[in-house]
Each structure stands twice: as C-alpha cells, then as structure tokens.
Amino acid sequence: MSQEYSFSLPYSAFDLDLIGLTAADVGSSEFTEKVSEFLAGQFATFGGLARIVCNDQSHTIDVRWTRNANFREPRDFALELLRSGKIGEAIPLLWTVHQQQRRDVSVLFNLGVAWSEHGQPDKAIPILRQLLEIEPNHVHGLVALGVALIRVQQAPEGEFLLRRALRLEPRNLWALRNLGGCLLQLGRAAEALPVLQTALEIGPQDPQTLLGMGQSLEALNRSDDADDYYQRIIRLGMPEPVVELAKERRSAIAAHRMRSAGELRPDVLMYLTGAVERFAGMSLDQIQALGIEIAILGQTGLDINDPEPKYTLRSLPGTFSGLHLCCLMYAAFKKFAPAQDVGIDFSREWMQVHGGR
Amino acid sequence: MTPEEIADSLRRSVEIESGKPLVVFKDPAVSGHGSVRVATPDTAMHVLRYPPSADVQLPYLTAFHCGMLLRSLRAESPQRFDLVSTAAMRTETQQLIQAHLKTSGADVPESLIPNLCSQLGDGLGIQLRSMPIAIRVDHWLWQQYPSLQELQRTNVSRQLQESMQTLGPSVRALVPLRMLNANLAMNCAFAMFWGELWGEPELAVPYTLAGFEAAGRQLLEMVRSIDSHPNGDRHLVEQWASHLNLTAWYRTVTKQ
C-alpha cells in the first residue's frame with residue numbers, strides 16, 4: 001500500500017520567489033491562488049492524488065498526497081466533510097479547489113452554501129452570483145443565493161430569486177420553505193401560509209416547514225393551530241435547535257393565554273404562595289436542586305394546560321400538574337438565580353405573593 | 001536471502017570485523033528507528049536498541065545499523081571519526097533558543113529550556129553525523145538486497161513523513177531559524193534522494209515550497225561526488241557541516 005504523506009507549511013515560510021510575489025502579498029487572494037496553482041503544477045504529473053488547502057484560519061498551506069488509488073479526491077473529501085457537518089473544515093478545502101477550477105459549478109455551489117451555513121453569507125453571495133453568471137437557471141444556486149441574501153437582510157432580492165427558482169421547479173421543497181420564511185420575515189404571513197402548505201405537501205415531516213407554519217399561524221393570531229405544528233416538531237424530536245424553538249414558542253403561547261385570561265391567575269398565586277411556604281423549611285441548596293430538577297424535566301415539555309397532577313419529582317414527594325411545577329420552578333429560581341429567565345412569566349403573581357419585593 | 005538472513009549476515013560481518021558481538025534489545029525507552037551504541041575499547045559489545053513498535057521492521061533496522069557500523073569499521077584511520085560539539089554550540093544554541101522562545105510564543109516552562117537546548121543541539125549533531133552516510137548505506141542496501149526493499153520502503157516512508165512535520169508551525173515555534181534551516185536542508189537532501197530513487201520527485205515538494213531545493217540538491221550532490229569509500233565519509237560530513245554553516249558548532253575528531 002502506498003504511503004500517505006502530509007505536511008503543513010506556514011504562509012510566512014513559503015518561498016515567495018516561486019510565485020513572484022512579495023511579503024506584502026502573503027495571505028491575499030492572489031497569494032492563495034498562486035500557491036494553489038504552483039502546487040497543482042508540482043503534483044500534476046506524479047500520477048497520484050493530492051489535496052491542497054490554503055487555510056486562512058491557521059495561515060498554513062496544508063498538503064496531503066499519496067499514490068494510492070483509494071485516496072479521496074479533494075472535492076469528494078470536502079463533500080464528505082460537508083455531509084458530516086464539518087463545514088468549517090470543508091471551506092478551506094473547497095476554496096482551494098475553487099482556485100484551481102474557478103468555473104466549476106459544483107464547487108461554486110458547495111462553497112457558497114458552506115459559507116452561508118457557516119454564518120458568512122457575505123462571502124457566499126459573490127460566489128453564488130458567479131455560479132449564476134455561468135449557469136443562470138441553476139435552481140439550487142438560485143435558492144442558495146436567495147437564502148444568503150435573506151440572511152443579510154436583503155429579503156426583497158431573496159424573494160425574487162426564490163420565486164425564479166420556483167418557476168423553474170415549482171415543487172422544490174427548499175425553495176418553498178425558504179420563500180415561506182422570507183415572506184414571514186417581510187411581515188407577509190398570509191402570503192407565506194399557502195407557500196408553506198405546498199411545501200408541507202411535499203415534505204410533511206420537514207421540521208423547518210412545520211416551524212414556518214407555526215410561526216405564520218401565530219402571526220395570523222391562530223395560536224391554537226400554531227401549537228399543533230409545534231407539537232408535531234417536538235414529536236419528531238430533531239433537529240434539536242428547531243425542537244428547542246418549538247418548545248419556546250409553545251411556552252410563549254401558553255404564557256400569552258394565561259395573560260389573556262385575566263389580570264392575575266388565582267391558581268398561579270396559590271402555587272407560588274405554597275412554594276414560598278415550602279421553601280421556608282428548605283436550604284438554598286435544596287431549593288436550587290428542586291429548581292434544576294424541574295428545569296431538566298421541563299426540557300421534555302411540561303403541559304401547563306392540563307390540570308391533572310401527573311408529574312413526580314425526586315426531590316419532593318407527591319404528584320404535580322405542569323402548572324404547579326412551573327410555579328415551583330419559578331419561585332425556586334427567584335431564590336437562587338433571580339435574574340435568570342425561566343421561560344415563563346409569573347412576575348405579576350410573584351409581586352403579589354412577595355408584596356412588591 | 002530473506003530479510004532475516006540479510007540482517008544475520010550483516011550482523012556477523014560487524015562481529016567479525018570489530019571482534020565484538022552486536023547485542024539487540026527491544027527497549028520501550030527508545031523511539032523512532034532505534035539507536036546503536038558502538039563498542040569502545042572499554043566495552044565488550046555493540047548494542048542496538050529498537051522500540052517495540054518496530055518489531056516487524058527489525059531485519060531492516062538491524063541491516064541499516066550494521067551498514068553504518070561497517071562503514072565506520074572499514075574506514076582507515078585517520079578517516080575513522082567521531083563528531084563532537086564545540087563549546088560554542090552549547091552557548092550559542094542556548095542563546096538562540098532562549099531568544100527565539102521569547103518571540104515565538106511557544107509555551108515552554110523555564111525549567112525545561114536547558115533540556116530542550118541539549119536535545120536540539122545534540123539532535124542536530126546526530127543528524128549531521130548520520131544523514132549523509134545513511135543515504136549511502138540505504139542506497140547500498142537498496143541495490144544489494146532487493147528482498148529487503150519492502151521493509152526499507154515502509155521504514156523510510158515513515159521517516160520521510162516524520163521529517164515533513166518539521167516544516168509545520170509547532171516545530172517552528174520551538175526551533176530557531178538557523179538550526180531549523182540546517183535541519184530542513186538535510187531533510188530535503190534525504191527526500192530528494194528517495195524521490196529520485198523511487199521515481200517520486202514529489203517527496204521533495206514540501207522543501208521546495210519552503211525554499212530548500214537548492215540547498216538540498218547541493219548536499220545530495222556532495223554525497224554523490226565525494227569519495228564513496230568509507231574513507232570519504234569524514235570529508236563528506238565536514239562538507240555538509242561547512243555548507244550548512246555548522247563548523248563552529250561541530251567538528252570531526254579522529255577515532256582512537
């Protein structure tokens with residue numbers, strides 16, 4: 001089996017005479033381009049495979065090569081990194097491949113998406129524009145650029161591109177979902193709703209679409225309907241950030257319902273008063289342990305609309321309703337971490353129980 | 001001959017020509033490619049120590065170290081030599097290393113600096129003493145013993161890969177430029193030699209990028225042009241030292 005070799009050379013140690021640049025050029029895009037070209041030339045005829053990365057984060061030229069036929073080509077390796085979520089590692093590799101194949105549509109697309117997903121949409125935009133100059137009807141390119149533009153608050157152009165993508169491919173889930181999100185961002189929830197409904201026909205389990213549906217319905221004052229979509233996301237269980245967002249929205253809806261129901265909720269007042277009395281006989285450590293136990297339990301969702309006592313705790317005997325636990329948690333956090341936002345607002349009831357303190 | 005038979009044969013040659021046995025030890029304290037302590041008039045044997053991880057490589061390692069010993073034994077006095085470091089090497093490398101560590105930001109505790117200075121200074125001397133001759137020995141083994149080539153290739157490939165790591169930022173943070181440049185020029189010559197022998201010129205690319213192509217080529221040219229008999233080894237090492245600007249730090253002395 002052929003040996004695989006690798007080395008890493010700092011930019012500052014590169015022999016600039018080889019590429020006709022000066023120290024002032026080190027790290028510039030011209031430097032990266034010329035280094036890549038030079039190395040590509042060095043490895044062009046050796047009959048094996050090489051991966052060359054100009055890494056702008058570590059300021060090193062990272063090279064790996066072998067004559068082994070099973071070696072993964074740089075582009076394949078970058079795609080593998082992207083698939084496994086290692087976007088930060090894939091970007092320098094894609095950027096270097098891009099220096100060698102500047103009009104390669106697939107590289108432009110993947111690099112653009114990688115930058116956009118890695119929180120650098122400003123870098124993604126010119127790359128994706130290059131892609132569309134080469135291939136104006138590249139549907140995924142249109143969507144990716146649309147998404148990147150929405151991320152830099154240029155939603156109107158984003159909307160235009162997403163609609164163009166949908167004219168070419170009307171049932172493109174990615175485009176539909178993002179157009180829905182875009183319209184929502186532009187305050188046009190009523191327009192977003194049918195777009196997201198179409199998306200949902202294509203991908204009924206798509207968490208982002210479900211979230212968009214929930215948010216649109218909320219914006220249209222249909223919180224009960226929105227809650228159904230959030231519950232569907234929580235049942236799906238992933239991806240975690242979307243599930244967390246769904247839980248947050250459910251809590252907000254529940255809190256809003258309570259607020260709308262009246263000035264002060266007697267059941268909350270009762271539970272908070274009970275909590276304060278109970279805490280009088282407990283140490284701060286015990287209160288903290290109780291608060292944290294409920295918070296952890298709450299991560300899987302506490303149903304505060306169901307009055308049935310169905311929850312048990314390790315640190316406190318008895319069974320509790322969801323609302324009762326939320327009150328205990330709220331009161332506990334007020335004791336050991338009063339500045340912490342526990343995700344539910346009982347401040348007015350708390351003021352009442354504590355006499356304004 | 002099998003690799004084991006080649007190793008045994010060379011070992012016997014060492015024992016006959018030196019009149020002392022060669023003892024081989026597996027030693028977890030040894031790293032890399034093993035080391036040899038050559039018998040002196042006061043000691044009864046040569047000792048080859050090799051790391052447990054090199055068990056499979058042992059026939060090649062034995063053959064290689066025997067080749068090095070045989071060249072030394074076959075050199076006629078006064079060409080049989082040792083390389084010693086000068087007082088200037090100790091003081092100057094220490095100053096260089098201390099000054100370099102202050103600017104490089106390498107996190108080396110003060111208490112470890114003297115040890116680091118010894119390691120780097122002695123290591124450079126060992127490389128200067130062994131690498132030019134190692135190229136000759138390895139070339140000879142490659143040509144004379146085809147059945148050893150697979151083990152040799154595995155071992156040398158590993159060595160080439162390890163050498164390439166000295167180009168990286170972590171080594172640069174520890175080693176002052178003057179010492180690093182000498183090390184990299186020698187590594188370049190070594191990589192060029194194997195690149196040419198195996199038809200894999202890309203092995204020298206790392207050093208080309210760092211600007212060592214000319215230096216490496218000149219060192220390799222010396223290996224080829226200076227008397228290839230073991231009597232020429234001393235001159236070869238002296239020429240490498242001169243070319244690498246290391247004559248103030250290391251000098252050859254005639255072996256008694």
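Note: hydrogens, waters and symmetry copies are ignored here, and every other heavy atom, side chains too, is used.
Heavy-atom distances place the side chain of R172(B), and not its backbone, under 4.5 Å from chain A. For L9(A), the parts lying under 4.5 angstrom from a heavy atom of chain B are both the backbone and the side chain. Both the backbone and the side chain of S6(A) have a heavy atom closer than 4.5 Å to some heavy atom of chain B. For a residue to count as touching a neighbouring chain, one of its non-hydrogen atoms must lie under 4.5 Å from one of that chain's; by this rule Q165(B) touches chain A with the side chain only.
Taking 4.0 Å as the cut-off between side-chain N and carboxylate O, R90(B) and D122(B) count as a salt-bridged pair. Salt-bridge formation is detected for the pair R151(A)/E117(A): a Lys NZ or Arg NE/NH1/NH2 atom is positioned less than 4.0 Å from an Asp or Glu carboxylate oxygen.
No donor-acceptor contact under 3.5 angstrom links the side chains of S283(A) and D285(A), judged on distance only.
For the pair R178(B) and W249(B), the cation-pi test (distance below 6.0 Å, angle within 45°) is passed.
In this structure, W95(A) has its ring center under 6.0 Å from that of H98(A).
Looking only at heavy-atom pairs under 4.5 Å with chain A, the residue among A210(B), P206(B), S170(B), G199(B) that has the most is P206(B).
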